[in-house]
Each structure stands twice: as structure tokens, then as C-alpha cells.
Amino acid sequence: MQLRVAVVGAGSMGWNHLRVLKELEDSVQLVAVAEANPSALQRAVQRFHIAGYSDYRQMLDEQRPELVAVVVPTHLHCEVAAFALDLGLNVLVEKPLTSTVEEAEALIELARQRDVRLAVGHIERFNPAVTEVKRRLSAGALGRIFHLHARRIGPFPPRIRDVGVTLDLASHEIDTMRYLVDAEISQVSAQIQQHIHRTCEDLLLGLLRFSNDALGVLDVNWLTPTKVRELTITGEKGMFLLNYLTQDVFFYENDYSPTSWDALRSLTGVSEGTMTRLKVQKAEPLRREYEDVIRSIVSDSSPSVSGEDGLAVLKVVQQLLASALANNGLLSQAQELHTLLEEADRSPTAGSSTALSQQRGPNDQVLPRRIASPSPLTLPQRHEEHPSTLGGG
């Protein structure tokens with residue numbers, strides 16, 4: 001059985017979705033792509049030999065695919081996904097699910113009403129290194145988990161203009177940690193800075209406490225000249241070191257046996273155990289993600305990363321940013337922002353910078369959608385944006 005699939009968005013990430021879907025031709029028929037940029041649309045149509053549309057609404061009305069991949073800028077996720085869901089189509093939305101908690105809740109409710117699947121592209125869930133560590137944790141390889149430390153750092157990506165590192169990068173780690181620890185996040189604390197990005201934070205240091213008392217550390221930025229994607233998980237029996245990029249996993253075993261070599265003891269201070277490089281069957285996470293979504297549609301079951309998972313991540317992102325504003329001495333601005341949003345939700349005003357529009361789907365259902373956010377907050381130590389980030393991406 002082949003599922004008919006269409007993609008909305010043919011930018012750099014959309015291109016990857018199109019490529020993977022074309023490779024899954026045994027289970028998928030890639031039928032169309034929608035893209036507002038004429039040159040990107042033409043390139044996708046010529047490369048993948050599919051129908052192309054400049055308007056995603058026309059594409060979905062005419063093609064009625066069984067699965068829609070939403071690969072557009074974050075602020076458009078709710079609008080595009082809501083239109084597809086309201087037509088009764090299954091949807092995979094690139095992470096983050098939406099820009100706001102309210103939008104995510106609206107999409108989840110709409111998917112429930114239309115009885116269709118809503119999956120979120122938290123792709124690291126399908127990284128073979130992550131699934132191998134999850135398997136070993138479930139088997140008790142570490143015993144009780146004490147601490148997780150994520151480093152997701154690298155250069156600034158000029159194409160990302162509408163969100164900061166917390167929503168764009170830290171969301172990966174929040175979802176992965178929830179998955180590995182199998183617990184919810186009960187407390188957060190954070191510090192943020194803005195150096196290069198025009199309107200959003202580009203550095204986050206965050207601390208998470210899970211409901212099972214494990215602690216998580218988020219070290220995330222767009223300021224480091226080299227790209228690092230690593231996660232360590234420390235527990236009673238040792239530590240896993242996971243490299244997302246190479247899909248390598250190392251296990252460092254605890255060793256409490258004393259050493260008789262006094263000189264070595266003075267240098268190391270502790271006795272280190274055996275380090276083992278674990279065997280991981282490497283694979284492309286995006287392909288595995290699609291295989292999971294396709295399986296959920298065919299078997300009428302929930303995808304591994306559901307809308308509720310995407311919502312849980314958004315709530316933590318919101319809490320981290322609120323904490324950072326308070327910790328940076330901007331608590332009054334954070335409270336003012338919260339009040340403005342509450343007032344806008346109660347009484348939308350056309351033309352207001354915090355107004356909510358009442359978006360309506362084809363069947364005239366009402367969906368909240370934030371059409372503009374309040375003016376950006378000025379964070380401490382902000383510098384002028386580097387000229388190299390001003391071009392299109």
C-alpha cells in the first residue's frame with residue numbers, strides 16, 4: 001500500500017523531506033509540493049518530477065494526500081497544519097510544533113475532532129544513537145539516572161529569523177531528555193543572551209529538574225564557530241556519551257576499586273572504569289521518522305512523537321524563557337508581556353501588535369493564531385547583528 005504524500009515547503013529542510021519521501025517509493029507516492037518561492041518550487045518540481053503549487057491550499061484541495069509534511073517557518077506551522085487537519089488529512093509538522101502553546105493546543109484538538117494523526121518532527125527521537133541509549137536505559141544499564149548534560153552549539157544560521165535558540169535548538173534536547181528519562185520536567189531555571197540574532201536570544205544556559213529528581217543541563221548557542229551535538233547521561237553505574245552527528249555512543253563504567261599506584265591517584269583523584277564504544281546500526285533519522293509516521297497511519301495508532309509531545313516541549317520552552325527574563329532582571333517586562341497576551345486573548349483588537357486573529361478553516365471552525373508578537377525585548381549584552389547574517393537563507 002502506497003500513501004499519497006505532499007510537502008509544504010521546499011527550502012533546505014523541505015528538500016530533505018522530498019528526497020527521503022522519493023526514496024520511500026515502496027510505501028509512499030510523493031504527489032506534490034507547495035512553495036511560495038518560484039525558483040525553489042521550479043527546482044523541486046524538476047528534480048522530483050511532481051506537481052508544483054505556489055498556494056498550498058490549492059494543492060491540498062486538489063490532491064487530497066493522505067499525509068502532509070509541513071516544512072515552513074515556525075510562525076506558519078499553525079496556519080498550514082490547521083488547514084490540512086481540517087480537511088481530514090494526517091499531518092507531520094517539523095519541530096517545533098507551533099510558535100505558542102495556544103496554537104499547539106488548537107491543533108491537537110482539531111486533530112482529535114477530525115480523527116487524524118498529528119506527528120511532530122522531533123527528529124532526534126529517531127537517531128539510532130538515541131534509540132540505542134534508550135534501549136539500554138530501559139534495561140537498567142545505568143541504574144538510577146542522576147544527570148543529563150546537552151551541548152548543542154554551533155555557528156549562527158542566517159536562514160532562521162523568527163525564533164531563538166530555545167525554541168529552535170533546545171527543543172531537540174528537551175524532547176530527547178523527556179524520552180530518555182521517561183519523566184516530566186517539574187522545575188526550570190535559565191539564563192539567556194542575545195549577541196547576533198536580530199530579535200531573539202542566541203545563547204541559552206538552562207537547568208531542568210525532572211519529576212524523578214534527575215537533573216538536565218542545556219548548553220545551547222549559535223555563537224560557537226564549531227558545531228557540537230553531544231549528550232551525556234550519568235547514573236549509578238556510569239555514563240553514556242552520545243554524539244548525535246556521528247551516531248556514536250560510548251559507555252564509561254564506574255570503577256570504585258582502589259589503585260596502589262600513589263602517583264596515579266594524585267593525578268586522577270578517582271579510579272576510572274572501562275570505556276566501551278557501543279555498536280550502533282547507523283541510519284538516517286528522517287527516514288526512520290517517516291517510517292514511524294507511515295506505520296501509525298496504516299495501523300491507525302499514535303505516532304511515536306505526538307502532538308501532545310510537541311505541546312509538552314513548548315510549555316518547557318515557555319517556562320525557560322520566562323525564567324530567563326526574570327533572572328536577567330527583566331521580570332517586570334515578562335509580567336507585562338504576559339498581561340498583554342492575556343488581554344489580547346480576551347479581546348482581540350485589529351491592528352494591535354499583540355492581537356490574535358480568528359483564523360477559520362474550510363468548515364468555518366475557529367482557530368486562534370497569533371498574527372504578530374509584541375516588540376522584541378532588549379536583552380543584556382546585545383551587540384549589532386554581524387553583516388554576514390543579513391542576507392537571505
Side-chain angles (χ1 to χ4, degrees), residues 95-97 100-101 104-105 120 122 124-125 127 129-131 133-153 163-193 201-221 228-242 244 251-252 254 304-331 334-335 337-338 379:
K95 70 86 207 160
L97 175 54
T100 70
V101 168
E105 290 172 338
V120 187
H122 283 289
E124 298 295 15
R125 285 272 200 113
N127 189 311
V130 173
T131 53
V133 169
K134 175 64 174 178
R135 184 183 70 81
R136 290 174 180 268
L137 291 176
S138 298
L142 281 191
R144 189 158 62 95
I145 297 175
F146 299 146
H147 169 237
L148 302 93
H149 188 150
R151 295 179 68 221
R152 185 169 287 262
I153 59 180
V163 296
V165 291
T166 311
L167 189 56
D168 187 69
L169 291 189
S171 58
H172 280 298
E173 303 301 341
I174 294 166
D175 181 72
T176 301
M177 287 183 180
R178 288 181 64 248
Y179 172 61
L180 293 177
V181 173
D182 195 22
E184 294 301 328
I185 296 165
S186 58
Q187 287 180 280
V188 309
S189 181
Q191 293 279 354
I192 57 176
Q193 290 181 345
E201 80 288 352
D202 45 36
L203 182 150
L204 164 76
L205 295 177
L207 180 63
L208 312 175
R209 178 178 286 276
F210 290 84
S211 57
N212 62 359
D213 284 335
L215 295 177
V217 174
L218 302 172
D219 180 0
V220 181
N221 74 59
V228 177
R229 300 286 187 267
E230 289 183 348
L231 175 67
T232 61
I233 307 101
T234 303
E236 292 176 305
K237 301 178 182 179
M239 181 186 78
F240 285 117
L241 169 60
L242 183 160
Y244 293 102
F251 177 60
Y252 295 81
N254 277 339
S304 293
V305 187
S306 64
E308 287 77 10
D309 289 314
L311 174 61
V313 170
L314 282 172
K315 287 181 177 179
V316 175
V317 167
Q318 185 180 68
Q319 292 164 4
L320 284 167
L321 292 174
S323 171
L325 291 176
N327 290 336
N328 285 343
L330 299 174
L331 180 59
Q335 292 171 334
L337 170 59
H338 181 71
L379 300 174

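One-based numbering along the sequence shown. Values reported hereafter were calculated over all heavy atoms of this structure, with side chains retained and with hydrogens, waters and symmetry mates removed.
Ring geometry for H122 versus H172: interplanar angle over 60°, hence perpendicular rather than tilted (30 to 60°).
Here the side chain of S186 pairs a donor or acceptor atom with the backbone of R209 at under 3.5 angstrom. In this structure a side-chain-to-backbone donor-acceptor pair under 3.5 Å is missing from R152 to E173. With hydrogens and angles disregarded, no donor-acceptor distance shorter than 3.5 Å links the side chain of S211 to the backbone of A183. Put simply, the side chain of S171 gets close to the backbone of L167: a donor and an acceptor are under 3.5 Å apart. A distance-only check finds no donor-acceptor pair linking the side chain of D219 to the backbone of H149 [under 3.5 Å]. With hydrogens and angles ignored, the 3.5 Å screen pairs no side-chain donor or acceptor of K134 with any backbone N or O of R125. Within the 3.5 Å criterion, the main-chain N or O of I153 finds a donor-acceptor partner in the side chain of R229. With hydrogens and angles disregarded, no donor-acceptor distance shorter than 3.5 Å links the side chain of E124 to the backbone of V130.
To the nearest 0.5 Å, atom CD of residue E184 and atom NZ of residue K315 are 9.5 Å apart. With rounding to the nearest 0.5 angstrom, the OG1 atom of T232 is 7.0 Å from the CG atom of L148. Remark: I145 CD1 to D182 CG distance equals 9.0 Å, nearest 0.5 Å. Distance check: L321 CG to E201 CD gives 5.0 Å after rounding to the nearest 0.5 Å. L208 contributes atom CG, which lies 11.5 Å from atom CZ of R178 (distance to the nearest 0.5 angstrom). Here the OG1 atom belonging to T234 is positioned 11.0 Å from the OH atom belonging to Y252, to the nearest 0.5 angstrom.
Annotation: side chain of L320 is in contact with side chain of I174 (closest heavy-atom distance under 4.5 Å). Put simply, the side chain of V188 reaches to within 4.5 Å of the side chain of V316, judged on heavy atoms. Contact of the V165 side chain with the N221 side chain is not registered, since no non-hydrogen atoms from C-beta on lie closer than 4.5 Å. Proximity of D168 to K95: side-chain heavy atoms (C-beta onward) are separated by under 4.5 Å at one or more points. Put simply, the side chain of L231 reaches to within 4.5 Å of the side chain of L180, judged on heavy atoms. When side chains are defined from C-beta on, I192 does not count as touching L203, because their heavy atoms never get closer than 4.5 Å. The shortest side-chain heavy-atom distance between V133 and Y179 does not fall under the 4.5 Å cut-off.
Looking at every heavy atom in both residues, S304 comes nearest to D309 through O-OD2, 3.4 Å. Closest of all the heavy-atom pairs between L242 and A129 is CD1-O, 3.7 Å. For the residue pair Y244 and E230, the shortest heavy atom distance occurs at CD1-N, 4.0 Å. The two residues L314 and P96 come nearest to each other via the heavy atoms CD2-CB, 4.3 Å. Closest heavy-atom contact between M177 and F210: CB-CZ, 3.6 Å. Looking at every heavy atom in both residues, V181 comes nearest to A214 through CG1-CB, 4.3 Å.
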- Task: Determine, stepwise, if the pair L204 / L218 fulfils side chain to side chain contact (heavy atoms under 4.5 Å, CB included).
- Result: CA-CA 7 Å; L204 164 76; L218 302 172; 4.2 Å; yes
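No more than 12 heavy atoms of other residues, nucleotides or ligands shown are found within 6.0 angstrom of CZ on R151.
The existence of a salt bridge linking D213 and R144 is excluded, since no basic side-chain nitrogen approaches an acidic carboxylate oxygen closer than 4.0 Å.
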